[in-house]
S.K.: 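Below is a structure I'd like to ask you about.
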Amino acid sequence: MNMLSKVGLVTGATRGIGRATAQHLLNQGFQLAVIGRNADLLEEWKAQGVLALPADVGDASQVDQAVKMVLEHYGRIDAVVNNAGITRDGLLMRMTDDDWESVLNTNLTGVFNVCRAVVRPMLKQRSGKIVNVASVVGISGNAGQVNYAASKAGIIGLTKSLAKEVASRNILVNAVAPGYIDTDMTRALTAEQRQLMLQHIPLQRTGKPEDVAKLVGFLVSEDNQYITGQVIRCDGGLMI
């Protein structure tokens, strides 16, 4: 199957890493579907001929409906990138139930919902590639982010387990763990926090969303035939 007939689905594709990844796949010739919650930004994707679907990944019924629409439109799904994520930072002693539950629901349950919805058609076609966007915080932890770190650590465990479940059907499942990437999420940090972070990065600069997008692009491409169950860091050396 040539790349022009490949179908990709990207969640959280309206900004940051998700948007860069979706654009990269589109540039590589994928037929593309995106899921997001920002209606205005979804319209921008539609202008490029992309199937853009409004959905909350934390809602299983919305995810199932979106995946059904992708299958009806394109007939198959070859690559899925689970990128949708939010933060609600704060120290554990001050963290509300809503802060905890909203982050876990979007970041972790959202990945579960999408994976569950796409695995069945991938099993039938005996092929597929799934990339889940985790974070270096899910490996190292980070003060003030127990909810976010827990959600990203959960993604890593989910990725490794699912990779074992579906490998016999030629479905490859991997995670990428970005470090300090220049996105809306990291721009919310104070100047002091940003400077402190840069001191720990051997490359002494932030990453770009496109850096992560290109890594994801390789993992879902035909060039990747033997990498599965891995967590690949894209962090400028932060976690060396």
Side-chain angles (χ1 to χ4, degrees), residues 3 6 8-13 16-28 30 57 77-85 87 107-108 110-112 114-115 118-119 122 127-142 145 148-167 169-183 185-186 197-198 200-240:
M3 193 62 77
K6 292 284 189 182
L9 170 63
V10 182
T11 73
I17 290 171
R19 184 175 184 83
T21 298
Q23 189 64 57
H24 182 70
L25 296 188
L26 191 63
N27 293 346
Q28 292 300 110
F30 274 83
V57 295
I77 299 175
D78 299 288
V80 173
V81 182
N82 282 303
N83 170 77
T87 58
N107 296 10
L108 181 55
V111 172
F112 166 77
V114 174
C115 286
V118 302
V119 158
M122 284 184 173
S127 66
K129 288 169 181 164
I130 299 172
V131 176
N132 300 320
V133 179
S135 169
V136 293
V137 170
I139 301 169
S140 66
N142 194 36
Q145 288 192 310
Y148 185 75
S151 70
K152 295 302 185 177
I155 288 173
I156 290 171
L158 184 155
T159 297
K160 291 177 178 289
S161 299
L162 182 58
K164 291 183 177 182
E165 290 184 11
V166 298
R169 294 297 183 95
N170 195 36
I171 301 170
L172 309 183
V173 187
N174 291 288
V176 297
Y180 186 15
I181 308 298
D182 185 19
T183 64
M185 193 177 292
T186 56
M197 180 66 74
L198 288 173
H200 297 283
I201 301 174
L203 287 181
Q204 298 182 349
R205 59 180 174 82
T206 61
K208 301 175 183 177
E210 290 76 16
D211 294 323
V212 183
K214 290 173 183 177
L215 172 57
V216 173
F218 165 74
L219 290 172
V220 301
S221 75
E222 288 298 302
D223 290 331
N224 175 26
Q225 296 295 324
Y226 204 58
I227 300 172
T228 194
Q230 302 304 305
V231 182
I232 304 175
R233 299 190 301 270
C234 183
D235 64 359
L238 177 64
M239 295 292 291
I240 291 176

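Just so you know, these numbers come straight off a predicted model, no measurement behind them.
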S.K.: Measure from the side-chain N and O atoms of Gln23 to the backbone N and O of Thr21, and report whether any donor-acceptor pair falls under 3.5 Å.
M.R.: no

S.K.: Determine whether Leu219 and Gln230 satisfy the following criterion, side chain to side chain contact (heavy atoms under 4.5 Å, CB included), listing intermediate values before the conclusion.
M.R.: CA-CA 10 Å; Leu219 290 172; Gln230 302 304 305; over 6 Å; no

S.K.: Quick check on side chain to side chain contact (heavy atoms under 4.5 Å, CB included): which of Asp78, Asn170, Ile130 does Met122 satisfy it with?
M.R.: Ile130

S.K.: Taking all atoms of both residues into account, what is the closest heavy-atom pair of Lys152 and Gly138, and its distance?
M.R.: CB-CA, 3.9 Å

S.K.: Please tell me if the side chains of Gln225 and Lys129 come closer than 4.5 Å, counting only heavy atoms from C-beta onward.
M.R.: yes

S.K.: For the side chain of Asp211 and the backbone of Lys208, is there at least one donor-acceptor N/O pair under 3.5 Å apart?
M.R.: yes

S.K.: What residues form a side-chain hydrogen bond (donor to acceptor under 3.5 Å, both in side chains) with Asp223, not counting sequence neighbours?
M.R.: none

S.K.: Please list, chain by chain and in numerical order, all residues satisfying side-chain hydrogen bond (donor to acceptor under 3.5 Å, both in side chains) with Arg19, sequence neighbours excluded.
M.R.: Glu44

S.K.: Out of Val80, Leu25, Asn82, Val216, which one pairs with Val10 under the side chain to side chain contact (heavy atoms under 4.5 Å, CB included) rule?
M.R.: Leu25

S.K.: Going by side-chain hydrogen bond (donor to acceptor under 3.5 Å, both in side chains), name the residues that satisfy it together with Asn142, two or more places apart in sequence or in a different chain.
M.R.: Gln145

S.K.: Do the side chain of Ser161 and the main chain of Leu158 share a donor and acceptor less than 3.5 angstrom apart?
M.R.: no

S.K.: Between Phe218 and Ile227, what is the shortest heavy-atom contact and its length?
M.R.: CE2-CD1, 3.8 Å

S.K.: Nearest heavy-atom pair of Ala134 and Ile155: which atoms, and what distance?
M.R.: CB-CG2, 4.1 Å

S.K.: Please answer whether the main-chain N or O of Asn83 pairs with a side-chain N or O of Thr11 as donor and acceptor at a distance below 3.5 Å.
M.R.: yes

S.K.: In terms of heavy-atom contacts, does NZ of Lys160 have more than 12 from other residues, nucleotides or ligands at under 6.0 Å?
M.R.: yes

S.K.: Can you list every salt bridge (Lys or Arg N to Asp or Glu O under 4.0 Å) pair that touches residues 224-234, not counting sequence neighbours?
M.R.: Arg233-Asp235

S.K.: Quick check: closest heavy atoms across Leu172 and Tyr226, and the distance to 0.1 Å?
M.R.: CD1-N, 4.3 Å

S.K.: Would you say that Cys234 contacts Val176 through its side chain, given a criterion of any heavy-atom pair below 4.5 Å between the two side chains?
M.R.: no

S.K.: What's the shortest heavy-atom distance between Gly141 and Ala149, and which atoms?
M.R.: CA-CB, 4.3 Å

S.K.: Do any N or O atoms from the side chain of Thr228 and from the backbone of Ala163 form a donor-acceptor pair under 3.5 angstrom?
M.R.: no

S.K.: Check whether any side-chain heavy atom of Glu210 sits under 4.5 Å from a side-chain heavy atom of His24, and report yes or no.
M.R.: no

S.K.: Taking side chain to side chain donor-acceptor pair (under 3.5 Å) as the cut-off, I'd like each qualifying pair that reaches into residues 171-182, sequence neighbours left out, listed once.
M.R.: Asp182-Arg187

S.K.: If every non-hydrogen atom of Ile171 is compared with every non-hydrogen atom of Ser127, which pair is closest and at what distance?
M.R.: CG1-C, 3.9 Å

S.K.: Mind checking side-chain hydrogen bond (donor to acceptor under 3.5 Å, both in side chains) for Thr159 and listing every partner two or more places apart, or none if nothing turns up?
M.R.: Asn132

